[in-house]
Amino acid sequence: ESRGFGWQLPGAPTLDWATLKANRANEITRLNGIYEGIIAGAGADRLQGHASLVDAHTVRVQAEAGPERTVTARHILIATGGRPFVPQFPGSDLVVVSDEMFDLPTFPQRLVVVGGGYIGCEMASIFHGLGATVTLIYRGEQVLRGFDEEVRGFTAAEMRKAGVDIRTGTDVQSIEALPGGARRLRLSDGSTLDADVVLYATGRRPNVDGLGLSDVGVQQADNGTIGVDEHFATSVPGIFALGDVTGGMELTPVALAEAMALVDHLFGTAPGKVARTMDYDNIPTAVFTHPPIGTVGLTEAQARERFSDIQVFRSDFKPLKHTLSGRGERTLVKLIVDTASDRVVGLHMVGADAGEIVQG
């Protein structure tokens with residue numbers, strides 16, 4: 001299986017970066033073709049270009065090549081997603097974002113990841129696994145803010161044990177270009193660090209530039225996210241928004257579920273079907289660190305706030321196969337139970353196939 005990911009065997013495994021990049025690009029092209037086929041098969045017209053709102057029922061589309069078009073509709077849905085955000089500082093133009101990582105011309109032997117969220121931790125794990133020397137820098141006290149505290153600490157310890165250098169409580173002051181294309185980072189603790197590539201994974205912002213939202217009165221938060229009600233309606237009747245652009249849970253299945261609920265709300269349901277609605281509790285989430293995380297429900301801290309008494313069942317063990325492999329990787333499983341009802345209100349796992357197990 002490893003050959004498909006660019007590993008050359010037999011002998012000592014070596015990574016062919018070009019093979020991994022090409023195979024990944026081919027798969028994305030294949031999937032995009034399938035999605036375009038689904039749109040065409042549904043009878044929808046797809047206009048390729050940049051859209052902007054003219055009014056509550058009119059959209060202007062500037063094609064990449066060709067004349068400008070105007071289309072009208074009873075309902076307009078904004079689902080433009082988000083994009084990586086890089087703060088401005090001396091040398092911020094020398095960094096890359098996650099969208100670019102698998103298009104780098106050469107594999108970075110030394111990678112610095114700035115940011116301790118799930119994208120930063122995933123990229124640090126992946127590129128360390130591919131053979132890079134990886135340093136992760138996060139200004140907070142612990143990575144993976146928002147996850148269960150024990151999961152955060154356990155995952156960081158396992159990543160460090162594997163060889164990822166995680167440095168918390170520090171930040172980047174500036175970056176300068178060195179001869180040959182390398183980067184030199186000056187950190188807030190006074191130290192310097194050299195790297196071939198610096199990845200900034202410091203959050204995302206909604207894709208709203210040039211949409212004309214303010215021109216038609218669509219209300220937005222200070223960070224640009226679009227405000228919506230429980231039916232995804234914006235402040236302008238006839239204009240709706242969902243997915244990452246609204247600033248909720250930035251997960252593909254959440255946006256898909258929101259879209260299905262909106263379709264039922266606007267156009268009704270098929271005969272015998274119940275209208276779909278959104279419930280944001282108990283959304284299973286996977287983080288593809290090494291080892292991966294699977295989680296659903298409440299963290300221990302959230303459960304203690306919501307219930308008068310809880311029980312926590314946990315196990316931290318070495319998987320049986322590693323008694324033979326010699327690896328020191330451990331697995332954490334944690335169940336959080338409301339004592340009064342005996343209901344499981346949170347499940348957290350760090351270990352092999354955690355995402356698949358928790359999803360089930």
Side-chain angles (χ1 to χ4, degrees), residues 82 84-85 98 113-129 134-162 164-171 199-204 244 247-255 279-307 310-317 319 329-338 343-360:
F85 167 75
S98 56
V113 178
V114 182
Y118 70 92
I119 293 176
C121 290
E122 286 181 343
M123 286 292 180
S125 292
I126 290 167
F127 277 82
H128 173 261
V134 177
T135 304
L136 187 149
I137 296 171
Y138 180 53
R139 64 185 180 185
E141 295 181 7
Q142 184 59 280
V143 297
L144 295 170
R145 183 166 58 90
F147 286 82
D148 183 86
E149 287 296 326
E150 195 169 9
V151 166
R152 298 172 71 188
F154 188 91
T155 304
E158 289 296 309
M159 288 175 65
R160 284 190 172 109
K161 194 191 316 181
V164 177
D165 181 7
I166 299 177
R167 304 186 189 182
T168 56
T170 189
D171 204 357
L199 164 65
Y200 254 70
T202 49
R204 296 174 67 83
D244 291 8
M249 292 190 73
E250 297 179 342
L251 298 169
T252 300
V254 171
D279 180 357
Y280 294 95
D281 289 334
N282 299 331
I283 295 173
T285 304
V287 182
F288 298 103
T289 43
H290 294 169
I293 301 168
T295 182
V296 63
L298 303 177
T299 66
E300 183 177 340
Q302 290 169 336
R304 292 193 186 282
E305 285 183 7
R306 189 173 301 189
F307 300 101
I310 65 169
Q311 290 177 287
V312 177
F313 301 88
R314 70 176 301 285
S315 182
D316 161 6
F317 57 90
E329 182 177 291
R330 298 184 68 81
T331 291
L332 170 71
V333 182
K334 182 173 179 179
L335 280 178
I336 301 164
V337 177
D338 169 31
R343 284 185 65 90
V344 176
V345 296
L347 164 59
H348 308 274
M349 178 176 175
V350 185
D353 298 311
E356 297 297 333
I357 292 168
V358 170
Q359 165 78 2

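Heads up: numbering here begins at 1 and tracks the sequence. Atom set for the values below is all heavy atoms of this structure, side chains included, hydrogens, waters and symmetry mates excluded.
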Could you tell me if the side chain of [Y] sits less than 4.5 Å from the side chain of [X], heavy atoms only?
X      : Y      : result
Arg343 : Val337 : no
Arg167 : Leu136 : no
Pro319 : Glu329 : no
Val333 : Phe317 : yes
Gln311 : Leu335 : no
Thr155 : Ile293 : yes
Leu332 : His348 : no
Asp281 : Ile283 : no

Do you know which two heavy atoms are closest between [X] and [Y], and how far apart they sit?
X      : Y      : answer
Phe147 : Thr295 : CE2-CG2, 3.8 Å
His128 : Ala162 : CE1-O, 2.9 Å
Val143 : Cys121 : CB-SG, 3.9 Å
Pro292 : Asp353 : CG-N, 4.0 Å
Ala303 : Val345 : CB-CG2, 4.3 Å
Ala354 : Gly294 : CB-N, 3.5 Å

[atom1]/[X] to [atom2]/[Y] distance, rounded to the nearest 0.5 angstrom?
X      : Y      : atom1 : atom2 : value
Tyr118 : Met123 : OH    : CE    : 10.5 Å
Ile137 : Tyr200 : CD1   : OH    : 7.5 Å
Ile336 : Asp148 : CD1   : CG    : 5.0 Å

**Asked** How far apart are the C-alpha atoms of Val287 and Glu122, what are their side-chain angles, what is the distance that settles it, and do they pass the side chain to side chain contact (heavy atoms under 4.5 Å, CB included) test?
**Response** CA-CA 7 Å; Val287 182; Glu122 286 181 343; 3.9 Å; yes

side-chain contact (heavy atoms from CB on, under 4.5 Å) with [X]: which residues, sequence neighbours excluded?
X      : answer
Asp244 : Glu250
Arg145 : Tyr138, Arg152
Ala286 : Phe288

Hey, is the main chain of [Y] close enough, under 3.5 Å, to the side chain of [X] for a donor-acceptor pair?
X      : Y      : result
Glu305 : Gln302 : no
Arg160 : Ile166 : yes
Thr202 : Phe85  : yes

**Message:** Under the criterion side chain to side chain contact (heavy atoms under 4.5 Å, CB included), I'd like the reasoning laid out for Leu199 against Phe127: C-alpha separation, chi angles, the key distance, then a yes or no.
**Reply:** CA-CA 11 Å; Leu199 164 65; Phe127 277 82; over 6 Å; no

**Prompt:** What pairs of residues pass the side chain to side chain donor-acceptor pair (under 3.5 Å) test when at least one of them lies in residues 283-292, not counting sequence neighbours?
**Reply:**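 Residue pairs passing side chain to side chain donor-acceptor pair (under 3.5 Å), neighbours aside: none found.
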
**Item:** side-chain hydrogen bond (donor to acceptor under 3.5 Å, both in side chains) partners of Asp316, counting only residues at least two apart
**Value:** Arg330

**Message:** Holding to side-chain hydrogen bond (donor to acceptor under 3.5 Å, both in side chains), I want the full list of residues that pass it with Thr170, two or more places apart in sequence or in another chain.
**Reply:** Ser188

**Message:** Strictly below 4.0 Å, N to O, side chains only: are Glu150 and Lys334 in salt-bridge contact?
**Reply:** yes

**Evaluation steps, side chain to side chain contact (heavy atoms under 4.5 Å, CB included), between Gln359 and Val296** = CA-CA 8 Å; Gln359 165 78 2; Val296 63; over 6 Å; no

**Prompt:** Can you check side chain to side chain contact (heavy atoms under 4.5 Å, CB included) on Thr168 and Glu141, steps first, answer last?
**Reply:** CA-CA 6 Å; Thr168 56; Glu141 295 181 7; 5.8 Å; no

